[in-house]
Structure formats: structure tokens, C-alpha cells
Amino acid sequence: MEKDTNQRKLRVCVATCNRADYSKLAPIMFGIKAESAYFELSVVVIGSHLIDDYGNTYRMIEQDDFDIQARLHTIVRGEDEAAMVESVGLALVKLPDVLNRLKPDIIIVHGDRFDALALATSAALMNIRILHIEGGEVSGTIDDSIRHAITKLSHYHVCCTRSAEQHLIAMCEDHDRILLAGCPSYDKLLNVKNKDYMGVMKAWLGDDVKPEEYIVALQHPVTTDIKHSVKMFEFTLDALISFNKRTLVLFPNIDAGSKEMVRVMRKKGVEHHPNFRAVKHVPFEQFIQLVAHAGCMIGNSSCGVREAGAFGTPVINLGTRQTGRETGENVLHVRDADTENKIIHALQLQFGKRYPCSKIYGDGNSVPRIVKFLKSISLSEPLQKKFCFPPVKESISQDIDHILETLSALAVDLGGTNLRIAIVSMKVHSFIFM
């Protein structure tokens with residue numbers, strides 16, 4: 001595609017909220033940065049990126065040599081439902097000034113987080129085009145509602161699977177504005193497995209650990225049933241302690257209920273247990289190598305049903321948080337993880353097995369497709385999005401232009417005959433004069 005020398009660069013703003021969405025957005029950011037003749041990239045960082053308890057993960061962005069144009073502290077601490085709502089409100093207060101300063105033509109938003117909903121709402125109300133990554137998917141919690149709400153606010157969509165694409169079409173989104181690209185993280189993860197994974201394993205799990213002889217555990221709260229998800233996490237830790245394998249445990253995300261889950265970790269002594277390594281954050285490339293060579297991954301992270309399948313790593317998915325997602329045969333669901341023994345049995349079934357690699361979510365070539373899609377966006381297209389609703393009964397309301405057109409047509413003398421047609425009280429009557 002040749003660049004029109006008279007056309008200015010497309011101003012693209014990428015907004016990232018946390019460690020998970022940055023792993024999907026970073027490959028796109030690199031792709032945009034490499035096409036500097038076409039795009040002007042700006043980066044906005046909000047959410048848990050800027051919180052020490054969650055690893056100050058904005059540093060990853062700086063280490064990747066991206067300039068951050070705005071850092072917004074938008075998280076209200078409390079880790080409960082009210083704090084999530086207040087965080088959305090705080091983001092809505094702070095974002096307009098930044099967007100007014102950057103004046104992006106389009107903003108790229110990922111996924112289904114409450115922070116992302118604030119970004120999409122702000123951009124939509126400020127007449128900024130929105131490109132949504134990973135719309136159309138189904139997971140099984142409040143995330144679905146947030147994800148679909150962002151879809152309705154967005155002008156363009158990049159989805160990862162054929163089913164997600166069909167969901168977007170069923171939601172009346174314009175098919176011409178949907179790109180089936182695959183997951184951007186696959187562009188990176190499919191190339192990392194054979195790197196220096198032994199060094200990574202030793203750094204995070206100790207010198208005596210061997211491939212496929214350890215577990216990766218990552219479990220988040222379910223905000224629609226916090227009490228149950230905290231109890232399930234307690235069962236998980238008890239099962240892992242009993243199973244007696246080296247285990248890397250990542251701290252949960254910042255959703256409501258995470259504070260209670262951290263208390264459970266400390267009550268169980270996870271941070272000081274000889275078999276456990278408890279960490280707040282692992283850089284994505286290293287984390288993927290740990291997942292690729294693990295004997296098993298357990299919890300309810302989307303990584304278990306998405307990225308782990310690319311390596312055939314056995315996964316135990318606990319509870320309902322990911323039960324709606326497409327998965328490979330490597331995933332064993334334990335929807336009612338209500339006892340320690342049930343989780344131990346799942347560990348006995350899965351630990352150490354290998355499954356065929358699955359590429360449901362991508363083939364490693366999504367970024368070139370996304371960059372090409374961005375280049376095709378014309379700012380001359382109407383900003384007001386249209387929905388492709390199925391046909392319905394025509395409206396019976398009246399239109400003045402239609403009425404005047406009808407009156408004009410019916411006033412014409414038909415062929416010089418004595419036939420005349422008149423309109424009386426908007427009803428057509430024929431009168432024949434002999």
C-alpha cells in the first residue's frame with residue numbers, strides 16, 4: 001500500500017491498564033511503531049500498572065522503549081465492588097484532559113476490564129474512533145457484560161476466533177469493520193519456547209527444578225461470587241500443599257475479592273513455604289516459557305485456556321470464570337471446585353501429561369493483519385457507527401419529503417384524459433368525470 005504524501009499520519013493512541021492487556025497490546029504497538037511513515041503512536045497508562053503491590057508494571061513499557069505520554073492513577077484501593085466503580089469514575093474524570101491533549105484519531109482498547117470500559121466510554125463521548133481487541137468472546141462472568149458493552153461503543157473490532165467473529169455479527173456489528181486476526185500475543189509466544197528456558201526456570205523456581213516437574217498457579221476472584229471464589233482459592237492452596245510439587249503462585253489481579261485472596265495466601269504461609277514461589281509479576285516472555293514447560297497450570301486465568309494450549313500444557317480450570325471460552329483438549333474443567341480432594345484428583349489426572357498443540361486463538365501472524373486493517377481506516381468515513389439489525393416491519397411514521405413527492409406526482413394530468421386523482425385527508429380517492 002503506497003502512502004499518499006498529502007495524507008497526514010493516523011494518530012493512534014494505545015491505552016493499557018495492566019500486565020495482562022499489555023501482553024496483547026505490546027505486539028501491536030511494535031507493529032505500529034515500525035510503520036512510522038503511516039502512524040503517530042501515543043501511549044496512555046492507567047490502572048494497576050502504576051501500583052507497587054501489583055509490580056509497577058508500567059516499567060515493562062519503558063523497558064520496551066515506548067514513550068508514555070500520560071500516566072493516570074485511576075485505581076481506588078479497597079479491592080471491593082465499590083472500589084471498582086469508583087475507579088471507573090476516577091478514570092472518567094481524568095481521561096478527557098489527556099484525550100484533548102493527544103487528539104488521537106483512533107484509540108485501541110483491549111478486552112473486558114473495568115478500566116477498559118472507562119477508556120471506551122470516554123473516547124466514544126469525545127467522538128474518537130475505537131478499535132476493540134478481543135471482542136465477541138465469552139468467558140462466563142461479569143467480564144462478558146463489560147466486554148460486550150465495549151463492543152457496542154467501538155467502531156472497529158479485532159477478534160481472535162471464528163466464533164468470536166460470528167458473535168460480533170450476531171450483535172449487529174458491521175461485518176466490514178470486523179477483522180479476524182488471531183490473538184496478538186501468539187505472534188510472540190510461538191517464538192519463545194525454545195529460548196533459554198532453563199535459566200528462566202531457575203530464576204523463578206530454584207536451581208533444582210526440572211521441566212514439567214512444577215506447577216504454575218494463577219487464580220483471580222470472581223466478582224459476582226466473591227465469597228465462593230475466595231473459598232475455592234483456599235481449597236486450591238490446600239490441594240497444592242498436599243500435592244507437594246514446586247509451584248509458582250502469582251498474586252491475583254486487582255478485582256473485588258483480591259484482598260481476601262491475598263489474606264488466604266498469607267494465612268496458608270505460601271510466601272514462606274519451601275515448595276512455593278509467590279510473585280506479583282513475571283514478564284510476559286518469561287511467564288510464557290514457564291507455562292510452556294510446566295507440568296500443569298491451575299487456576300482460572302484466561303492464559304490457561306488461551307496461551308497454554310499453544311504448547312499442549314495441561315491445564316486445570318477452576319470454577320466458572322473461563323467456562324464459556326473455546327479451549328483445546330488440554331483443559332480439564334472443575335466447575336464445582338468445592339473440595340480439596342476434587343482438586344487433588346484433577347492434579348493427579350493432569351500433572352505431567354502433554355497434549356497436542358492447539359492454535360485456536362492464533363497462528364502468529366495477527367499483527368501484520370491488524371496494521372493493514374489500521375491503514376485501511378479512512379477518517380472521511382462517518383463517525384456515527386451503524387448497527388446491522390435484522391429486517392423488521394417498516395415504520396408507519398410519516399416523512400414530509402415523501403408526502404410532498406407523492407402530492408406532486410398525483411397532481412399530474414394523466415395523459416390528457418378526464419381522469420383526475422385527488423388526495424383527501426391523506427387517503428387516495430379516484431373520481432371519474434364523464
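Listed by chain and residue number, E62 satisfy the side chain to side chain donor-acceptor pair (under 3.5 Å) test with R71 (two or more places apart in sequence, or in another chain). Scanning for side chain to side chain donor-acceptor pair (under 3.5 Å) contacts around E271 gives R266, with sequence neighbours left out. A search for ring pair (Phe, Tyr, Trp, His ring centres under 6.0 Å) contacts involving F30 returns F66, not counting sequence neighbours. For R177, the side chain to side chain donor-acceptor pair (under 3.5 Å) criterion is met by E381, not counting sequence neighbours. A search for side chain to side chain donor-acceptor pair (under 3.5 Å) contacts involving E134 returns K24, H110, R306, not counting sequence neighbours.
No side-chain donor-acceptor contact under 3.5 Å links T161 and S163. Looking at H333 and N317, their side chains do bring a donor and an acceptor atom within 3.5 Å of each other. When only modelled atom types and interatomic distance are considered, H49 and T16 share a side-chain donor-acceptor pair under 3.5 Å. In this model, no donor atom of one side chain and acceptor atom of the other lie less than 3.5 Å apart for S48 and N18.
Nearest heavy atom pair, residue L189 against residue E307, reads CD2-CG, 3.2 Å.
Less than 6.0 angstrom separates the ring centroid of F243 from the ring centroid of F351.
Remark: K280 NZ is packed, more than 12 non-hydrogen atoms of other residues, nucleotides or ligands lying under 6.0 Å away.
Note on residues 140-150: pairs passing side chain to side chain donor-acceptor pair (under 3.5 Å), not counting sequence neighbours, are D112-R147, S139-D144, S139-R147, D144-R147.
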